[in-house]
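I have placed the structure first, in the form of structure tokens, so that the comments after it can refer back to it.
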Amino acid sequence: MISMDLHVQVIEPTGILDSVQGETLRQQINDVLNADTQVLLIDLKEITFVDSSGLGALVSVLKKVRAKEREMHICSINDQVRMLFELTSMDQVFSILKDRAHFEQQILKQPTG
């Protein structure tokens, strides 16, 4: 987990996002929301596969973030994850950005480079 500043947190899960990794993700989200994080970025560049439990964890986390009136974005998804999101219409639910640079430009309004 990387903190960009006090109100923006980046979480970078690795490997396979399944029930075990999903529970870890839920705990990390609870921690950052309790720390008054306003904007959350989940960077999936190191995720190789997402199963139904992992997708459920992402949906659960998104609900929790929205309930606290915070923002959540996902970036750097691979083709398999993109296909899963499209097949389940989750690409319409989540804010999905190409990569961290796009997050900084579009969401944080900071120039890169």
Do [X] and [Y] come within less than 4.5 Å of each other through their side chains, counting heavy atoms only?
X: Phe85; Y: Leu55; result: yes
X: Met90; Y: Leu58; result: no
X: Asp79; Y: Met83; result: no
X: Arg70; Y: Asp36; result: yes
X: Arg26; Y: Val61; result: yes
X: Asp99; Y: Ser76; result: yes
X: Leu41; Y: Cys75; result: yes
X: Gln9; Y: Gln28; result: no

Separation of [Y] [atom2] from [X] [atom1] (nearest 0.5 Å):
X: Ser19; Y: Asp51; atom1: OG; atom2: CG; result: 6.5 Å
X: Ile42; Y: Ser95; atom1: CD1; atom2: OG; result: 11.0 Å
X: Asp18; Y: Thr24; atom1: CG; atom2: OG1; result: 9.0 Å
X: Lys64; Y: Met72; atom1: NZ; atom2: CE; result: 11.5 Å
X: Lys68; Y: Asn30; atom1: NZ; atom2: CG; result: 8.0 Å
X: His102; Y: His73; atom1: NE2; atom2: NE2; result: 14.0 Å

Hydrophobic clustering (ILVMFWY, side-chain heavy atoms < 4.5 Å, transitive) - are [Y] and [X] grouped together?
X: Ile16; Y: Val81; answer: no
X: Leu33; Y: Val59; answer: yes
X: Ile96; Y: Leu40; answer: yes

Specify the closest pair of heavy atoms between [X] and [Y], including all atoms of both residues, with the distance to one decimal.
X: Ile77; Y: Ile74; value: CG2-CG2, 3.7 Å
X: Gly22; Y: Ala57; value: CA-CB, 3.6 Å
X: Arg66; Y: Val93; value: NH2-O, 3.1 Å

Counting distance only, does the side-chain N/O of [X] pair as donor-acceptor with the main-chain N or O of [Y] below 3.5 Å?
X: Thr37; Y: Val32; result: yes
X: Gln21; Y: Thr14; result: yes
X: Asn78; Y: Ile47; result: yes

